[in-house]
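Below is one structure, written out as structure tokens, with a few remarks after it.
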Number of protein chains: 2
Amino acid sequence: MRATVKDVARLAQVSPKTVSNVVTGTTPVSDAMRARVEAAMLELDYVPNLSARALRNGRSGLIALALPDLSTPYSAEMAHHFVVAAGTRGLGVQIEETAVSGERERQLISRARAHLIDGLILNPVLLPNVTVQDGVRLPPTVFIGEVEQSVGDYVWVDNVAAVRELTSYLVDLGHRRIAIMGVMKSETSRLRLKGYRAALRAARIRRDPVLEIFGPKWSPAGAYAAITAYLEHHDLPEAIVCMTDSIAAGVLNALWTLGHRVPDDVSVVGYDNVADSAFAVPPLTTIDFDKDAYASTALDLLEARIADRDRPIERVTMPHRLLIRASTAARR
Amino acid sequence: MRATVKDVARLAQVSPKTVSNVVTGTTPVSDAMRARVEAAMLELDYVPNLSARALRNGRSGLIALALPDLSTPYSAEMAHHFVVAAGTRGLGVQIEETAVSGERERQLISRARAHLIDGLILNPVLLPNVTVQDGVRLPPTVFIGEVEQSVGDYVWVDNVAAVRELTSYLVDLGHRRIAIMGVMKSETSRLRLKGYRAALRAARIRRDPVLEIFGPKWSPAGAYAAITAYLEHHDLPEAIVCMTDSIAAGVLNALWTLGHRVPDDVSVVGYDNVADSAFAVPPLTTIDFDKDAYASTALDLLEARIADRDRPIERVTMPHRLLIRASTAARR
DNA sequence: CTGAAAGCGCTTACAG
DNA sequence: CTGAAAGCGCTTACAG
């Protein structure tokens with residue numbers, strides 16, 4: 001059986017308290033004493049039981065990260081940055097996927113306390129603002145992503161401004177018939193569409209509903225299907241703003257399949273700067289932001305919230321930048 | 001404060017044991033009693049404390065999944081399938097990244113008991129067979145991936161056979177000068193190179209060391225750099241076997257940049273069938289396997305191992321298949 | 001700087 | 001079918 005503090009204490013001829021002091025380092029211990037305890041721990045191959053510690057301390061050292069779908073490159077990169085950043089803080093990360101069921105987001109919020117976690121990083125997609133406010137007792141939670149809400153801390157990128165810049169850049173390249181791909185019923189879509197429209201308005205380009213292409217599935221496959229169907233009945237736009245890099249991947253593939261050259265025939269832009277976008281064919285112009293800083297910021301807020309549940313709500317907007325690559329070119 | 005079993009018991013006027021019976025369902029409870037307890041739980045917003053349960057039961061319901069680097073599409077898809085499959089079994093998944101430090105794999109094996117997890121799914125990369133055998137007391141562990149070892153259960157795909165088929169397919173298309181990209185010092189590379197060589201041998205094609213291209217960074221960026229440097233001093237091969245789809249992404253991009261057409265000038269194949277590979281430009285011929293079944297199988301083994309630590313070691317080879325897409329064409 | 005005691009919240013034998 | 005007691009392994013006041 002596993003050794004416990006008691007076993008170590010007995011072998012080292014000290015009290016359990018002293019073993020605990022050595023392990024946690026809360027109270028100073030004399031060198032001789034420390035050496036004796038450490039020798040005993042080594043001999044017994046002692047490893048502290050974190051369940052017991054969690055019960056006693058009311059802290060598990062574990063947080064949950066809830067993302068819509070881990071298999072998308074975007075979520076994957078986010079998860080990576082969160083796991084690494086949490087690791088440096090001594091926190092473990094339990095992953096939850098919310099896209100699996102619509103019920104899951106709500107469950108997580110209300111029952112997260114049930115799990116042995118100290119806090120929750122939640123990227124809501126479906127959860128409407130109302131439901132969140134309804135959720136009575138939140139566990140310490142930091143929201144990430146695009147659901148505007150006022151019940152908790154959150155970290156996000158100014159989606160409206162970002163897509164406005166992206167679209168304005170296309171305007172500056174001389175494009176007029178600029179489409180946006182991936183319109184659907186979600187907060188992210190709403191904000192990005194808003195940015196797109198704002199850019200057109202600023203350029204005095206009349207917005208054309210036909211160019212706001214419905215695309216409810218934000219994956220390469222979904223985008224491929226949507227754009228292919230669209231082009232059967234519509235002219236090729238001069239430029240296409242894709243709501244995400246994943247959408248852009250499907251669009252690039254569809255355009256290639258149909259024999260349209262990017263950027264010669266049509267410019268394409270994405271959003272997120274997923275790692276693979278730099279190696280798309282052609283490399284993708286997109287919106288970039290520092291995902292590492294994003295994760296750190298969210299964890300800062302979460303740790304602060306765990307430490308003081310009554311502190312004022314904080315909202316952080318992370319800076320973004322337009323990253324110009326070969327998928328865009330001037331109109332000729 | 002959070003309500004406890006005691007509080008619920010008091011309110012429902014029963015003993016804590018009865019509350020526990022209702023919650024866990026171990027012992028049958030009369031309907032009237034159950035209703036009373038459930039009403040009390042609802043009123044107090046009772047949520048069981050899993051840390052306490054974990055301490056008492058010696059089970060946390062949490063497993064750890066240790067992957068080299070979550071941000072790669074391959075790891076991301078694996079993580080997704082594991083999280084979903086674990087979820088249906090009522091298990092939570094804590095993610096660990098091992099690539100961050102070389103020490104991490106070893107730590108996980110020896111100290112996983114420390115964490116509040118019941119078992120470990122480990123995809124080792126660097127860990128040599130020896131070290132694993134050295135690791136005295138493993139927590140319940142299932143290995144996934146390509147490190148052959150005899151100390152624990154594992155699930156894998158027959159890499160040698162898969163790459164042999166992949167290469168033979170290129171041979172059948174009429175290619176002779178077939179390169180392999182991504183040779184490095186790792187078990188995965190060793191096995192895939194072995195399959196490549198076996199296919200050449202079977203076709204009586206003399207193997208050329210110049211065509212075994214060193215590529216220690218298995219990412220689009222690393223592959224891009226390696227193949228670009230290579231082509232400065234060598235002829236374009238007739239076909240390129242990429243050790244992974246990620247490598248293939250970088251290779252496709254480099255070939256496009258250099259003006260080589262795929263598959264007209266050169267055929268390219270990958271390995272893993274990552275989701276985005278179907279939408280690569282051009283869509284990638286690759287090795288596919290059922291990642292969902294892979295995750296389920298590994299979890300089956302892990303649950304069995306947790307239940308009985310002394311059961312005989314089990315190894316499962318998951319079937320794979322060659323998936324032919326547009327990145328390969330017959331030599332003309 | 002160290003010891004003895006109590007308790008975190010749960011569930012499992014043990015009785016009834 | 002239900003109750004009272006004990007204990008999982010840890011750490012925190014409380015003394016000394």
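In the text below, chain A, chain B and the rest are named by the order of the sequence lines, each starting its count at 1.
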Take atom [atom1] of [X] and atom [atom2] of [N], then tell me their distance rounded to the nearest Å.
X	N	atom1	atom2	value
A:L50	D:dC10	CG	P	9 Å
B:M33	D:dC1	CE	P	11 Å
A:D31	C:dC1	CG	C1'	12 Å
A:R53	D:dC8	CZ	C1'	16 Å
B:D118	D:dC8	CG	P	19 Å
A:R10	C:dA4	CZ	P	13 Å
B:K6	C:dT11	NZ	C1'	13 Å
B:R56	D:dC8	CZ	C1'	6 Å

Compare the minimum distances between each of [options] and the side chain of [X], then state the nucleotide with the smallest one.
X	options	answer
B:N49	C:dC10, D:dG9, D:dT11	C:dC10
B:P16	C:dT12, D:dT11, C:dT11	C:dT11
A:P48	C:dG9, C:dT2, D:dC10	D:dC10
A:L55	C:dG9, C:dT11, D:dT2	C:dG9
B:V5	C:dC10, D:dT2, C:dT2	C:dC10

* **Contact check, side chains of A:L120 and A:E96, non-hydrogen atoms, under 4.5 Å** =>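 Heavy-atom side-chain distance check fails, nothing below 4.5 Å.
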* Asked: Do A:D300 and A:R89 come close enough that some side-chain heavy atom pair is under 4.5 Å?
  ->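 Heavy-atom side-chain distance check passes, below 4.5 Å.
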Side chain of [X], backbone of [Y]: donor and acceptor closer than 3.5 Å?
X	Y	answer
B:D153	B:E314	yes
B:D118	B:G61	yes
B:T24	B:S20	yes

Below 4.0 Å: OP1/OP2 of [N] and any side-chain N or O of [X]:
X	N	value
A:S30	C:dT2	yes
A:T18	C:dC1	no
A:T4	D:dG9	no

* **Gap between atom CD of A:E146 and atom OH of A:Y154 - 0.5 Å precision** =>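 So the OH of A:Y154 and the CD of A:E146 are separated by 10.5 Å.
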* Asked: Once you round to the nearest 0.5 Å, how far does CG of B:L50 lie from OG of A:S60?
  ->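 Answer for the CG-OG pair, B:L50 versus A:S60, is 10.0 Å.
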* To do: State, to 0.1 Å, how close B:P140 and B:I306 come at their nearest heavy-atom pair, and which atoms those are.
  =>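 That closest heavy-atom pairing would be CB-CG1, 3.8 Å.
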* To do: For B:V29, answer base if it contacts any base atom (sugar-phosphate contacts may also be present), sugar-phosphate if it contacts only those atoms, and nothing otherwise; contact means non-hydrogen atoms under 4.0 Å.
  =>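 It contacts sugar-phosphate atoms only.
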* To do: Using Watson-Crick or G-U wobble pairs with both distances under 3.5 Å, give me DNA chain C in dot-bracket, 5' to 3', with [ ] for crossers and | for pairs to another strand.
  => |||.||||||||.|||
* **Residue whose closest nucleotide on DNA chain D lies nearer the 5' end, B:Q13 versus B:N57** =>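 Here B:Q13 is the residue nearer the 5' end.
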